[in-house]
Amino acid sequence: MQGLGAALPVLLLLLLSAQLPRPAVAEQPPWAPGVERALDPSSRLAVGAARVALHNYNFHAASPSGLRALGQVRKATVKSIPGVGQKCYLQFTTEDYRSRENAGSCLATVLYPKKKSPPAVNIKCINTKDQKQIQEEDNRLYQKLKRQTKPITGSNIPDSFGNIEPALEPVWALAVAGSSYMMWEKSTEKVGYFMTQVKSVKQWMRKDDSLEFDYVILLHEMPTQEMISCHMRLIWLPGHPLKVKYTCDSENHRLEDGSGMESGSAAGIIREREENF
Amino acid sequence: MMSRGGGGEVPWVDNPRPDPAHPHLIFSPSQLDFWLAPRGTGDPVDVRVPFPSLQPLKAHLEANGIPYSIMIEDVQVSGGGGSGGRGSRHGGGRGLTLPRVPQALVDREQMQMLRRRRVLPLSTDAFDYSSYHNLDEIYAFMDLLVAENPNLVSKLEIGRTTENRPLYVLKFSKGGTNRPAIWIDTGIHSREWVTHASGVWFAKKIVQDQEKDEGLASILDQMDIFLEIVTNPDGFVFTHTTNRMWRKTRSKRSGSLCVGVDPNRNWDAGFGGSGSSSNPCSETYRGPYADSEPEVEAIVNFVKNHGNIKAFISIHSYSQLLLYPYGYTTTPVPDKEELHQLAKEAVAALSSLYGTTYKYGSIISTIYQASGGTIDWTYNQGIKYSFTFELRDTGRYGFLLPASQIVPTAQETWLALKVIMRHTREHLY
């Protein structure tokens with residue numbers, strides 16, 4: 001993108017940067033727009049972008065048995081697109097979320113838009129695990145949950161000591177999948193998330209085949225170190241896209257809460273009827 | 001969780017259950033001879049205490065205001081009844097016959113019995129290193145360790161917290177006066193439980209290995225080791241009683257409803273700069289001024305008064321990182337090359353045990369900009385070998401690391417610590 005065609009976007013970029021606030025973080029040298037430059041694979045930007053890509057993957061896979069965690073970033077480049085944002089190109093390995101076995105590598109692009117909106121992700125992963133096996137595990141999981149006659153409830157998963165009750169593992173795995181949606185949407189180049197704990201979960205029994213859960217989730221936000229409490233409603237049916245609705249507490253204006261992290265954000269949720277969800 | 005000076009005891013939140021996989025659990029019957037078994041928190045317990053364990057236990061109970069009374073001064077089983085294990089029977093007419101004493105526990109030791117409200121291990125060999133403990137248990141552990149190793153270990157009180165809890169540092173020393181020293185702290189952020197648990201393990205490891213491990217022995221021949229296991233006791237108690245995710249201290253200031261200061265933003269190094277918050281409700285609130293927190297001030301005073309600390313290692317979780325200064329500026333430290341190389345070696349040693357991968361580098365380039373941080377201050381004080389660890393994991397469990405990972409984490413981290421300590425000893429300045 002050299003030559004005259006580059007002049008206008010460059011001008012635009014200069015005008016835009018004159019209005020941007022001074023970054024609080026250490027200054028980065030100004031890079032020529034449109035030029036892809038190499039990134040240290042262990043840099044914050046590269047690792048953060050890989051995580052965002054995986055959040056997106058985990059949400060779209062909608063598979064509690066097929067969740068992936070980040071292994072290592074192998075290669076990373078970034079390109080500044082004037083007026084649009086920063087785009088990272090990544091190659092990274094992944095692990096099975098629970099067993100930590102190698103799950104195959106992924107290629108992804110992550111575009112962090114200048115305007116505040118979710119990062120745009122494209123991701124393709126190799127599967128080392130047999131996809132049919134994963135589907136079967138999901139179905140087994142689904143059947144086990146469907147067989148419950150009483151609404152499943154739980155709290156503090158994992159507990160303070162890192163324990164997850166085996167009976168609640170599937171519900172926790174679904175929370176990871178659903179939280180991936182929240183974490184993907186909220187991530188920026190500078191701010192990333194980890195799902196820390198399911199503070200509470202309550203099942204809403206449905207007449208149709210889907211499973212529906214109401215969660216309060218704690219997300220750990222970096223680098224602010226804040227714990228963000230989110231209320232998440234999730235609907236799952238194996239083989240179908242995950243449906244997630246959520247609201248999170250706004251940070252920095254939370255008062256000292258001496259009574260623990262009770263959900264204060266329920267007021268923000270509108271209970272919708274099943275058909276409208 | 002003991003309220004100090006306020007009267008009354010707070011019952012234990014955690015009630016550990018016996019686990020056959022962990023024979024050293026404090027409930028293990030082979031360690032404690034319960035005559036009146038524990039039924040629940042707050043209920044009295046009758047226990048037979050072997051004589052060698054008596055003094056340390058009494059000292060700990062008294063120091064913590066735990067009431068006890070001696071039921072039987074000197075237990076000797078007389079006469080009759082059952083096949084004894086290894087017991088020898090003393091002459092009839094002395095002592096008491098106690099029908100409920102399990103035969104396996106009769107032995108030739110003289111014993112006293114104490115009625116008490118807590119169940120504590122009676123030796124550091126009986127302590128369960130693969131579970132998480134609360135403040136009382138860790139403080140009791142420290143007293144036991146000192147009592148068992150009076151020639152190597154002593155306990156120093158370096159200050160008091162906002163809520164008036166003592167700040168204790170264990171000193172490991174083979175003698176000398178004000179030898180060059182290594183400082184290790186864990187638990188400065190209270191929710192990072194694997195760090196306190198590792199600190200406890202390190203303490204025991206030092207005692208166990210100081211004779212047989214050549215590397216450690218030669219370090220202790222020339223240097224002292226200071227270990228502060230619970231660097232933020234108020235916060236730690238709060239994570240047990242109220243909010244598992246509490247990070248900061250528990251200081252209160254008029255003008256804000258929010259409590260606590262981030263003790264790793266409160267040091268006088270780039271204090272107030274980018275990388276800390278001025279908002280008291282923030283998790284990275286720097287505090288009203290540097291060293292405003294008694295927990296921080298205590299260490300500052302200790303370091304300045306000691307004057308001969310040569311390595312300073314502050315331990316956090318999670319992220320699996322080994323970091324050197326600076327956090328508050330991109331300006332590299334003058335010793336960057338040496339610290340970078342040392343970090344590389346330490347990480348290699350760590351990984352060699354279980355394959356755990358760590359990244360390393362300066363704070364600002366590896367994790368994020370942070371002002372007012374501990375090791376920036378210690379480095380600027382002239383303590384060249386200043387490092388911060390972020391232990392396991394990388395986000396799967398985060399702060400809620402399963403207890404089964406405590407010992408592996410401590411073991412691998414110890415290898416890295418030994419590399420740093422050895423290098424310090426070989427390059428004293």
Side-chain angles (χ1 to χ4, degrees), chain A residues 22-28 40-44 47-48 51 54 67 69-73 95 97-98 100 156-164 176 183 190-199 218-229 251-261, chain B residues 13-14 131-132 189 191 193-194 238-248 250 252 256-260 262 264-265 273-275 277 279-284 318-319 321 329-331 357 359-361 364-370 393-406:
Chain A
R22 278 184 60 84
V25 185
E27 298 283 351
Q28 304 280 354
D40 179 354
S42 59
S43 67
R44 278 197 304 284
V47 174
R51 287 216 175 91
L54 269 183
L67 290 168
L70 181 62
Q72 302 293 327
V73 179
E95 302 173 344
Y97 200 89
R98 259 138 3 133
R100 285 153 82 183
N156 293 327
I157 312 163
D159 67 14
S160 288
F161 311 95
N163 300 316
I164 298 176
V176 174
M183 296 190 286
K190 303 217 167 61
V191 177
Y193 296 88
F194 299 86
M195 190 193 97
T196 294
Q197 191 182 43
V198 173
K199 282 304 287 181
L218 273 187
L219 298 181
H220 180 209
E221 182 183 77
M222 292 278 266
T224 63
Q225 295 287 356
E226 300 293 331
M227 283 293 161
I228 312 293
S229 183
E251 42 271 42
N252 274 347
H253 301 291
R254 282 170 293 135
L255 299 180
E256 161 64 3
D257 77 276
S259 58
M261 296 274 219
Chain B
V13 172
D14 315 317
S131 50
Y132 291 109
H189 285 142
R191 61 191 181 195
W193 280 16
V194 71
F238 200 71
T239 61
H240 282 271
T241 58
T242 311
N243 181 351
R244 174 65 177 82
M245 292 301 159
W246 191 259
R247 165 185 168 89
K248 301 188 286 183
R250 292 292 303 165
K252 296 177 167 83
S256 178
L257 287 164
C258 289
V259 175
D262 184 342
N264 198 23
R265 300 289 187 279
S274 298
S277 172
N279 180 349
C281 301
S282 164
E283 295 283 17
T284 55
Y318 58 94
S319 283
L321 303 170
T329 173
T330 50
T331 306
T357 55
K359 301 199 198 347
Y360 57 96
I364 196 168
S365 63
T366 313
I367 191 169
Y368 43 61
Q369 183 174 25
D393 60 12
T394 53
R396 211 181 257 89
Y397 287 96
F399 302 120
L400 303 177
L401 195 71
S404 55
Q405 291 198 47
I406 292 172

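Quick note on labels: first sequence line is chain A, next is B, and so on, each numbered from 1.
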- Message: Tell me whether the rings of B:Tyr132 and A:Phe161 are parallel (<30°), tilted (30 to 60°) or perpendicular (>60°).
- Response: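 Rings of B:Tyr132 and A:Phe161: tilted, 30 to 60°.
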- Mind checking side-chain hydrogen bond (donor to acceptor under 3.5 Å, both in side chains) for B:Ser365 and listing every partner two or more places apart, or none if nothing turns up?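 B:Ser365 satisfies side-chain hydrogen bond (donor to acceptor under 3.5 Å, both in side chains) with B:Ser362 only.
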Please classify the contact of [X] with chain B as side chain, backbone, both or neither, using a heavy-atom distance under 4.5 Å.
X	result
A:Asp40	neither
A:Leu70	neither
A:Val176	neither

- Query: Using a cut-off of under 4.5 Å for heavy-atom pairs, which of A:Ala69, A:Ser160, A:Pro223 has the most such pairs with chain B?
  - Reply: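 Sorted descending by pairs with chain B, the first entry is A:Ser160.
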- Between A:Gln72, A:Met195, A:Arg100, the one whose heavy-atom pairs under 4.5 Å with chain B are most numerous: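 Counting heavy-atom pairs under 4.5 Å, the top option is A:Arg100.
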Sort [X] into side chain, backbone, both or neither according to what part of it lies under 4.5 angstrom from a heavy atom of chain A.
X	answer
B:Ser319	side chain
B:Tyr360	neither
B:Arg396	both
B:Ser404	neither

For the residue pair [X] and [Y], what are the closest heavy atoms and their distance?
X	Y	result
A:Thr224	B:Thr284	O-CG2, 3.6 Å
A:Val47	B:Lys359	CG2-CE, 4.2 Å
A:Ile164	B:Tyr397	CD1-CE2, 4.0 Å
B:Tyr368	A:Met222	CE2-CE, 4.0 Å
B:Pro402	A:Gly162	CG-O, 3.7 Å
B:Leu400	A:Thr196	CD1-O, 3.5 Å

- Tell me, do A:Lys199 and B:Met245 make a side-chain contact under 4.5 Å, heavy atoms counted?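 With C-beta onward as the side chain, the pair stays apart.
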- Item | Side chains of B:Asn243 and A:Met227 in contact at under 4.5 Å (non-hydrogen atoms) |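 They are not in contact (no side-chain heavy atoms under 4.5 Å apart), so the answer is no.
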- Judged by modelled atom types alone, do B:Arg191 and A:Gln225 share a side-chain donor-acceptor pair under 3.5 Å?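 Indeed, the side chains of B:Arg191 and A:Gln225 share at least one donor-acceptor pair under 3.5 Å.
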- Query: Can you name the salt bridge (charged side-chain N to carboxylate O under 4.0 Å, His left out) partners of B:Asp393, sequence neighbours left out?
  - Reply: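 Listed in chain order: nothing, the list is empty.
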- Task: Considering only heavy atoms and a distance below 4.5 Å, find which of B:Ile367, B:Ile406, B:Asp262, B:Val194 pairs most often with chain A.
- Result: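 The residue among B:Ile367, B:Ile406, B:Asp262, B:Val194 with the greatest pair count is B:Ile367.
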